[in-house]
Undergrad: 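Supplied in structure tokens, the structure appears directly below.
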Amino acid sequence: MTWEPSYNEENQPKKLNTLLNSLLSKLAGTSTEEIDQIFEHWGNIIGEKLAKYSRPTHIKNNCLHIQVDNPAVAKELQWRNENIIEKITTTFPNISIKETKIRLKKEN
């Protein structure tokens with residue numbers, strides 16, 4: 001008689017990252033890997049000075065959402081919109097960004 005485990009692989013718990021990617025893909029059409037890649041290289045994409053005052057938050061429907069700390073940075077990023085999209089597209093060919101949406105961080 002050979003030993004076999006009493007459980008199947010399909011009945012094993014799934015890793016949280018796998019579940020989050022699946023959920024985000026269904027909700028927004030993106031994965032955590034895509035926003036993680038952009039977040040890790042944010043300084044290279046927009047420049048280190050602007051990166052201190054802004055951060056990418058998520059991608060939804062090929063739109064990169066960016067949160068900024070002050071209105072001057074928001075205007076600067078709006079002005080650089082096409083350059084940001086081009087830099088992301090050339091750096092990450094697997095990520096499709098068609099537009100950006102910039103939101104000012106609310107003060108508490």
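Computed over heavy atoms, backbone and side chain alike; hydrogens, waters and symmetry mates excluded.
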Undergrad: Mind listing the closest non-hydrogen atom pair of F92 and Q37 along with its distance?
TA: CZ-O, 3.6 Å

Undergrad: After noting the C-alpha distance and the side-chain angles of I84 and I46, does the key distance pass the side-chain contact (heavy atoms from CB on, under 4.5 Å) rule?
TA: CA-CA 6 Å; I84 294 169; I46 66 164; 3.8 Å; yes

Undergrad: Less than 4.5 Å apart, any side-chain heavy atom of I88 and any of I97?
TA: yes

Undergrad: For A51 and G43, which heavy atoms make the closest approach, and how far apart are they?
TA: CB-CA, 3.8 Å

Undergrad: Can you tell if the side chain of D69 reaches within under 4.5 Å of the side chain of S54, non-hydrogen atoms only?
TA: no

Undergrad: Any heavy-atom pair between the side chains of E82 and I85 that's under 4.5 Å?
TA: no

Undergrad: Report yes if some heavy atom in the side chain of H65 is under 4.5 Å from a heavy atom in the side chain of K60; otherwise report no.
TA: yes

Undergrad: Should K105 and V68 count as side-chain neighbours, where that means a heavy-atom distance under 4.5 Å?
TA: no

Undergrad: Give a yes or no on whether the backbone of C63 and the side-chain of N61 come within a donor-acceptor separation of less than 3.5 Å.
TA: no

Undergrad: Look at R80 together with E76 and state whether they make a salt bridge at an N to O cut-off of under 4.0 Å.
TA: yes

Undergrad: Quick one: do I66 and T57 satisfy side-chain contact (heavy atoms from CB on, under 4.5 Å)? Show the steps, please.
TA: CA-CA 6 Å; I66 303 167; T57 58; over 6 Å; no

Undergrad: In Å, rounded to the nearest 0.5 Å, how long is the span from CD of Q67 to CD1 of I102?
TA: 12.0 Å

Undergrad: Could you give the distance from OG1 (T91) to NE2 (H41), rounded to the nearest 0.5 Å?
TA: 8.0 Å

Undergrad: To the closest 0.5 Å, what do you measure between CZ (F39) and CZ (R55)?
TA: 7.5 Å

Undergrad: Could you tell me the separation between the CD1 atom of I35 and the CD atom of E40, rounded to the nearest 0.5 Å?
TA: 11.0 Å

Undergrad: Can you name the closest pair of heavy atoms from I59 and E34 and give their distance?
TA: CD1-CB, 4.1 Å

Undergrad: Between L64 and P56, what is the shortest heavy-atom contact and its length?
TA: CD1-CB, 3.9 Å

